[in-house]
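Quick notes on the structure that follows.
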There are 2 protein chains.
Amino acid sequence: MTTMGDVARIAGVSVTTVSHVLNGTRRVNPETRQRVEAAIEKTGYRRNVVARALAAGRTHTVGLSISALTNPYFATLVHAVERSLSDAGYVLIVGDSHDTVGSERRVVDSLLDRKVDGMIVAPSAGSEHSTLPEIIATGTPLVLIDRGADIDCDQVASESVAAARALTAHLLDLGHRRIGVVRGLAGITSTTERFDGYVAALADHGIAVDAELVVDGESNTDVAEREVRTLMSRPDRPSALVSLNNAMTIGALKAVRGLGLSIPDDVALVCYDDFEWADLFAPRLTAAAQDVDTVGATAVKLLLSRIDGQQDEPQRILVPTTFHHRNSCGCT
Amino acid sequence: MTTMGDVARIAGVSVTTVSHVLNGTRRVNPETRQRVEAAIEKTGYRRNVVARALAAGRTHTVGLSISALTNPYFATLVHAVERSLSDAGYVLIVGDSHDTVGSERRVVDSLLDRKVDGMIVAPSAGSEHSTLPEIIATGTPLVLIDRGADIDCDQVASESVAAARALTAHLLDLGHRRIGVVRGLAGITSTTERFDGYVAALADHGIAVDAELVVDGESNTDVAEREVRTLMSRPDRPSALVSLNNAMTIGALKAVRGLGLSIPDDVALVCYDDFEWADLFAPRLTAAAQDVDTVGATAVKLLLSRIDGQQDEPQRILVPTTFHHRNSCGCT
DNA sequence: CTGAAAGCGCTAACAG
DNA sequence: CTGTTAGCGCTTTCAG
């Protein structure tokens, strides 16, 4: 493998000069530069980023701990993050935390060992007591994504409360009074905030939450299907449902269909999270869509400025969602 | 930041010993080991994987160049790869090639500079003349995934020909004779093989391919929608359609619906690639599902054994698909 | 069972 | 405008 030393020898200059032409870190005589470039060309030299990282103390690498790569929402998020990062000359290392502190800890440790310059994490339940402080202790810049945590660092997520509230309000406006809700995984802020939105909308209409109407779908398709099936099998079943994430929406849909019920005739449905093909489901889904690209790009922007030494107060950014009015809600 | 030297001093041993207890690379007196472990515990020492990689000449890192992170099929593939890799103590660096040689080259260069121990790539059209040889020239183990290339390295993909052939045959068995096909992005083997399967099925029934019935959807939803719309607007439109990838299926669905046509009454549809929610579309989609997890796990297995020095003939593995018989084909 | 020391390939003072 | 050189933190012979 050719090294900078080889290139230097061939070009008849010092490694310092080679380094500088490679990185553009100081002026070098055009003619000398030519020679160096020729030598690089000739040898097919490639810089060794590992050595560079060790010497410079920066890896130009960012770690991402995400909860479920298979969820299209997160996949899109990874895509957005990767894109912004690569535009800035960084590289992305991803790890899937499966939404458990155990796996999260493993991926975070691995990322930390790798000396990533910064870290983006979608914290799983309980990580503010374990992995998050650990990251902060190392001094590695950190930004939380999708969910928040009661910890001192930048955070970016969607405006969940408002979105869930609007979704629920729409159902109320349509006259529904017994509205079921499928709640996500316990312990993460996206779940609690979305639920808060639901509660707030009911409160706006002077309606108290009926515990019988809230089911825990654990942000999981199968669980949601089972729970919704139970809920919708009751004689006093709700006339409408709000599903609080995409995976659970699939479950709810399956449950309702399995029961031979029709949407929106037997039960109206609105959902948090949109699908690229939401239009093609029968019925077409009324949904609150997150602006994933903005969430991802914002997280990267915040992180990079921390990496560049920004020392301001941590920011908490909320990205607005979009209401897609289709017809699973019962409107035509 | 604490280094191995600090730990060594505190434990009263040499860095050599610390290194060996950390890596389990040679026997060390239990008592000495205790001291070292205590020192590590006390200092909160974390190994510096960058320095380790430089010294050892291995990064324990694998690069993946994928064509479209937002496509659920690829997202699942990334997930499968990440999982297998992390089980083996490796870390995954992902780059999105957007299915163009230009971007692919950028991500591959970056990965190579990073001295990844191996590389998994879903080659975009034309990469056998540019990025693939480049990778091979560096001696970095390489395995191709999802698509093949006429190049000497391990490759793993789905049994596309058989799958597309079965899909088309099903339509023929149902009596269809004018069968349209939506073909994917030109220049990648997954596209040509799937098309070959379509052609083969027709040939089995003594039917020649009618060029008027084949449209290029470029593996893209919008393009497919436009092309299918044109195709289905013809007076002599086909009575059935086979869509050769998931993104194009969405487009085809939109086009057909936009035209006010009904599936399967006005046109039958079968598709390559399944959706987790294929059941929920109206109509339910008859599809050939790829075994993504196996594809991913196999690619990783092949790669790791190359990294470990395996020198056999390159293998080309074809993973079987599953036929999901639902009702967009017209069966009940 | 343990240690000394020579790198791995590069960056960045510092010196000229 | 260019070069010398001391590390960056670790692995790994080689010697004991």
Side-chain angles (χ1 to χ4, degrees), chain A residues 1-40 43-61 89 110 112-117 138-140, chain B residues 1-37 39-40 43-61 89 91 110 112-117 138-140:
Chain A
M1 189 220 273
T2 46
T3 70
M4 255 176 57
D6 302 330
V7 174
R9 192 168 350 94
I10 295 180
V13 299
S14 70
V15 292
T16 306
T17 299
V18 177
S19 171
H20 287 300
V21 341
L22 238 33
N23 301 312
T25 29
R26 83 179 178 194
R27 283 216 55 76
V28 17
N29 188 310
E31 194 196 305
T32 315
R33 170 193 302 281
Q34 293 290 312
R35 291 217 308 286
V36 172
E37 279 161 354
I40 289 175
T43 55
Y45 168 76
R46 331 191 55 99
R47 55 155 35 119
N48 182 330
V49 176
V50 177
R52 175 162 125 110
L54 179 60
R58 290 183 103 215
T59 55
H60 286 276
T61 278
S110 159
L112 252 18
D113 285 352
R114 237 121 198 143
K115 303 297 180 241
V116 292
D117 291 340
T138 65
T140 307
Chain B
M1 188 220 273
T2 45
T3 70
M4 256 177 57
D6 301 329
V7 174
R9 194 169 347 96
I10 294 180
V13 299
S14 70
V15 292
T16 306
T17 299
V18 176
S19 172
H20 286 301
V21 341
L22 238 34
N23 301 311
T25 29
R26 84 178 178 196
R27 282 217 56 74
V28 18
N29 186 311
E31 194 197 304
T32 314
R33 169 194 302 283
Q34 293 290 312
R35 290 217 309 284
V36 173
E37 279 163 353
I40 289 175
T43 56
Y45 168 76
R46 334 191 54 100
R47 55 154 35 118
N48 182 332
V49 175
V50 177
R52 175 161 124 112
L54 179 59
R58 289 183 103 215
T59 56
H60 286 278
T61 279
V91 126
S110 159
L112 252 19
D113 285 352
R114 238 123 197 142
K115 304 297 180 238
V116 292
D117 290 341
T138 65
T140 307

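Because only heavy atoms are used, hydrogens play no part in the values below, and waters and symmetry mates are left out as well, while side chains stay in. We name chains A, B, ... by the order of the sequence lines, and we start the count at 1 in each one.
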May I have the distance from [X] (atom [atom1]) to [N] (atom [atom2]), rounded to whole angstrom?
X: Asn29(B); N: dG3(C); atom1: CG; atom2: P; answer: 11 Å
X: Tyr45(B); N: dC10(D); atom1: OH; atom2: C1'; answer: 7 Å
X: Gln34(B); N: dC1(C); atom1: CD; atom2: P; answer: 14 Å
X: Arg35(B); N: dC1(C); atom1: CZ; atom2: C1'; answer: 12 Å
X: Met4(A); N: dG9(C); atom1: CE; atom2: P; answer: 12 Å
X: Leu22(A); N: dT11(C); atom1: CG; atom2: P; answer: 7 Å
X: Leu112(B); N: dG9(C); atom1: CG; atom2: P; answer: 16 Å
X: Asp6(B); N: dC10(D); atom1: CG; atom2: C1'; answer: 13 Å

With no hydrogens and no angle check, is any side-chain donor or acceptor of [X] less than 3.5 Å from a backbone partner on [Y]?
X: Ser19(A); Y: Val15(A); answer: no
X: Thr16(B); Y: Ser14(B); answer: no
X: Thr59(A); Y: Lys115(A); answer: yes

Under 4.0 angstrom between Asn48(B) side-chain N/O and dC8(D) OP1 or OP2: no
Any Thr32(B) side-chain nitrogen or oxygen under 4.0 Å from OP1 or OP2 of dT2(C): yes
Comparing Arg46(B) and His20(A) on DNA chain D - which has the more 5′ nearest nucleotide: His20(A)
Minimum-distance nucleotide to [X] side chain [options: [options]]:
X: Ser19(A); options: dT11(C), dC10(D), dC1(C); answer: dT11(C)
X: Asn23(A); options: dT11(C), dC10(C), dG9(D); answer: dT11(C)
X: Ala56(A); options: dC1(D), dG9(D), dA12(C); answer: dA12(C)
X: Arg52(B); options: dG3(C), dG9(D), dT11(D); answer: dT11(D)
X: Thr3(A); options: dG9(D), dC10(C), dT2(C); answer: dC10(C)
X: Met1(B); options: dC14(D), dG9(D), dC14(C); answer: dG9(D)

Given Leu22(A), Val28(A), Val13(A), Ile10(A), the one that forms side-chain contact (heavy atoms from CB on, under 4.5 Å) with Val36(A): Val13(A)
Minimum heavy-atom separation for [X] to [Y], with atom names?
X: His60(A); Y: Asp117(A); value: N-OD2, 2.6 Å
X: Thr140(B); Y: Thr138(B); value: OG1-OG1, 2.7 Å
X: Met4(B); Y: Val18(B); value: CG-CG1, 3.7 Å
X: Ala11(A); Y: Ala39(A); value: CB-CB, 3.9 Å

Strand contacts (DNA chain D) in residues 10-18 of chain B, 4.0 angstrom heavy-atom criterion: Thr16(B)
Base dG3(C) to side chain Arg26(B), donor-acceptor N/O within 3.5 Å cut-off: yes
Intermediate values then yes/no, side-chain contact (heavy atoms from CB on, under 4.5 Å), Val7(B) and Thr43(B): CA-CA 7 Å; Val7(B) 174; Thr43(B) 56; 3.9 Å; yes
Pairs meeting criterion salt bridge (Lys or Arg N to Asp or Glu O under 4.0 Å) with involvement of residues 44-56 of chain A, two or more places apart: Arg46(A)-Asp109(B), Arg46(A)-Asp113(B), Arg46(A)-Glu134(B)
Pair assignment for DNA chain D - dot-bracket with | for other-strand partners, Watson-Crick or G-U under 3.5 Å: ||||||||||||||||
Which residue lies more 5' along DNA chain C, comparing Val28(B) with Leu54(B) via nearest heavy atoms: Val28(B)
